[in-house]
Number of protein chains: 2
Amino acid sequence: MAGIADVAALAGVSKATASRALSGAGYVSQATRARVQDAATRLGYVPSTSAVSLATGRTQNIGVVMPYLNRWFFAEVLEGIQQALLERGLDLTLYDAKPGSPGRARIFDDFLARKRFDGLIAVGLEPVDREIDQLTLIGRPIVSVVGSGEQTSVVAVDDDLAARRATEHLIELGHRNIAFVGGSPRSHWAHVDQERLAGYRHAMRQAGLSQFVQHAHSEVTMPGGYAAAADLLGDARNRPTAIVGVCDEVAIGAMIAARRLGILVPSALSVVGIDDHEFAEMFALTTLRQVPREQGMAAVEVLLAEIDDPNRQRTHLRMPARLIMRTSTAPLSAPAGG
Amino acid sequence: MAGIADVAALAGVSKATASRALSGAGYVSQATRARVQDAATRLGYVPSTSAVSLATGRTQNIGVVMPYLNRWFFAEVLEGIQQALLERGLDLTLYDAKPGSPGRARIFDDFLARKRFDGLIAVGLEPVDREIDQLTLIGRPIVSVVGSGEQTSVVAVDDDLAARRATEHLIELGHRNIAFVGGSPRSHWAHVDQERLAGYRHAMRQAGLSQFVQHAHSEVTMPGGYAAAADLLGDARNRPTAIVGVCDEVAIGAMIAARRLGILVPSALSVVGIDDHEFAEMFALTTLRQVPREQGMAAVEVLLAEIDDPNRQRTHLRMPARLIMRTSTAPLSAPAGG
DNA sequence: TTGAAAGCGTTACCAC
DNA sequence: GTGGTAACGCTTTCAA
């Protein structure tokens, strides 16, 4: 493998000059620069990343920690991060830290401590106290996507607002008996779930519908929403006329459950989600759109700025979600009861 | 940051001894080893990965290239890989090489050439000729998950067999007019699609049903399957009584389309998929199960063996898929025609 | 504008 | 069993 010494030799200059010529830092005459670059391409020179890291203290690599890879939101964020890093020639090292798994402890104890990265993006991590300490102890800039994060910069959608808008949309359509499906005490989306639940509650209260507030717990997955909605809708006497899903996956699960029970959407049941999941269109789901891919890209932006200037002030980006109207919601049809 | 020199000093030994004591290679007395380890934990010593890489030539990192992150199969494989690496203390650097994207070229030209890894796992890559050359030029072991891969070791499901079994299952139920949905010429799953299509054709031919062979092209996604099936089923005169989906996502899309058209599954239409996707259960989809997570773990196994012994013979692992019967398939009901 | 040489933090060879 | 020391491949002063 050709090293910088070979390049220097071929170009007839010293290693120092070759290094400067290739990295673009420091004075080099146009002529020598050209000669060095020529030699480099000729030899197919590729700098050794470990040598560069050792000498500069920079890894040119960003770490990403997330609890799930196989969920729409996380995969999209990851793609956004990846794309933004790719454009800048930075590598991405992935850590899959499943909540409560033995592997998670190892990641925090060993992997992250290795500092194989110049900065870290934590997606939906919801770290417990000890983990937060470990993160800050790393001494590298950190940006959270989703999550409360007082300690780090944060990029996220305004969850409270999104849920409020979703609920208000249903209220405007004349619904009163509106249930919220999704989220459970032991969910690892805890923070997001709670923000959204709070938004729903807020909207209900403000409309004087506190008596109708109803929260059906569920796993935050499509099957989870299916199961929870099946329960919720099973009791015909006390059935809501509309559902706010904590996210599209849950909302779609609820729609499928409704169909199985012979409850027509939207004539007998309106459903609204939050996300604008890739399946939302297919299910004609009305939803509040967030674009996780953009959140991922924004997180990279913020992180790189902090790497550049470690004293930079923390950024807290909360993006608004936009209502996308499809046909899973409809005005409350002439009701049987009041 | 404490370096190995500090550890050595605190333990009262040389750097060389400290290194041996910590890495476990070479002779060190029990007593000194204990003393060194104690000093290390005391100082919170963490070796510099770049220094280690530079000295050993090993990065303790595995590269993973895949074209999509947001599809069930890929996400599952990635989780399997991640888990297997985690157990061994190895890092994972991710390269998201979308087919035809400008970024893809960069990945092959720049990123992979950096060799920031001891070995590479390529998932469903379908590389074009130039890319294959670039991969082999890296000079590191490579394992493909899915894909033709003559040049590398391969871990995959037996696609031909899976599709054949799926088709045979329908034939045994009395179906004759069986269509295959999924895959298109410009699909980037090309190889898998074709294997499965071939399996379907094979089974049809063997049962003397060649005249019924019908391939509805579609994107290999749930919405893709939906659209293709909507077309296919729209023409009531020439409608198949059963569908083989190239994968579960397509099959589920087809089921949803059927429902929209008022075609009951399974009484009026049987649908079988391949995958056992996380949604298969919820849709009661009969399918041929593959476990991508295990494929990912197996790929790691093979790769590490090849890293250990570069002269090792290539491995070609083709796992069989198992039929999981649910209720999306049923015997052909007393037919109107044919 | 260029070059010599000193790191960067490990490992590994070779004496002792 | 242990310690000195030369790599590993690059960047970065500091002189020239």
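Letters A, B, ... mirror the listed sequences (proteins, then strands); counts begin at 1. What you see below is based on every heavy atom in this structure, not just the backbone, and it leaves out hydrogens, waters and symmetry mates.
Remark: P of dC10(D) and CE of Met1(A) are 11 Å apart, rounded to the nearest angstrom. Nucleotide dT12(D) holds its P atom 11 Å from the CZ atom of Arg58(A), rounded to whole Å. The interatomic distance linking Asp6(A) (CG) with dC8(D) (P) rounds to 12 Å, in whole Å. Atom-to-atom, CD1 of Ile4(B) to C1' of dG3(D) comes out at 13 Å; the value is rounded to the nearest Å. dA15(C) atom P lies 18 Å from atom OH of Tyr27(B), rounded to whole Å. Spacing between atom CG of Leu54(B) and atom P of dC10(D) amounts to 9 Å, rounded to whole angstrom units. Rounded to a whole Å, the CG atom of Leu22(B) is 13 Å from the C1' atom of dG9(C). Rounded to an integer number of Å, the gap from Gln60(B) CD to dG9(C) P is 19 Å.
Listed candidates were dC10(D), dT12(D), dT10(C). Nearest to the side chain of Lys15(A) is dC10(D). Closest to the side chain of Ala16(B), from the set dG9(D), dG4(D), dT1(C), is dG4(D). Residue Ser29(B) has its side chain nearest to dG1(D) when only dG1(D), dT10(C), dT12(D) are considered. Nearest nucleotide to the Pro47(B) side chain, out of dG4(D), dG7(C), dT10(C): dT10(C). Distances were taken from every side-chain heavy atom of Ala51(A) (C-beta onward) to each of dC10(D), dG3(D), dT2(C); the shortest belongs to dC10(D).
Between dG9(C) and Ser48(B), no contact under 4.0 Å exists linking OP1 or OP2 to a side-chain N or O. Distances shorter than 4.0 Å separate none of the side-chain N or O atoms of Ser14(A) from OP1 or OP2 on dT2(C). Here Tyr45(A) reaches the OP1 or OP2 of dC10(D): one of its side-chain N or O atoms lies under 4.0 Å away.
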Exercise. Can Ser53(A) and Ser50(A) be said to form a side chain to side chain donor-acceptor pair (under 3.5 Å), step by step?
Worked result: CA-CA 5 Å; Ser53(A) 298; Ser50(A) 29; over 6 Å; no
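If Thr32(A) and Ser23(B) are placed on DNA chain C by their nearest nucleotide, the residue sitting closer to the 5' end is Thr32(A). Where Arg20(B) and Ala55(B) meet DNA chain D, the nucleotide closest to each residue was compared, and Arg20(B) sits on the side nearer the 5' end. Across the interface with DNA chain D, nearest-nucleotide mapping of Val52(A) and Val28(B) shows Val28(B) to be the residue nearer the 5′ end.
Heavy atoms only, all atoms of each residue included: Val155(A) and Gln295(A) are closest at CG1-O, 3.7 Å.
Relative to the ring axis of Tyr68(A), Arg71(A) places its NZ or CZ within 45° and under 6.0 Å from the centre. In this structure, Arg114(B) satisfies the cation-pi test against Phe111(B), with its NZ or CZ atom closer than 6.0 Å to the six-membered ring centre and inside 45 degrees of the ring normal.
With respect to the salt-bridge test (charged N to carboxylate O, under 4.0 angstrom), the residues Asp109(B) and Arg130(B) qualify.
At a cut-off of 3.5 angstrom, counting only N and O atoms as typed in the model, there is no donor on one side facing an acceptor on the other between the side-chain of Arg33(B) and the base of dG1(D).
Residues Gln60(B) and Thr49(B) have side chains that never bring a donor and an acceptor to within less than 3.5 angstrom of each other.
Ser19(A) comes within 4.0 angstrom of a nucleotide base, judged by non-hydrogen atoms across all strands.
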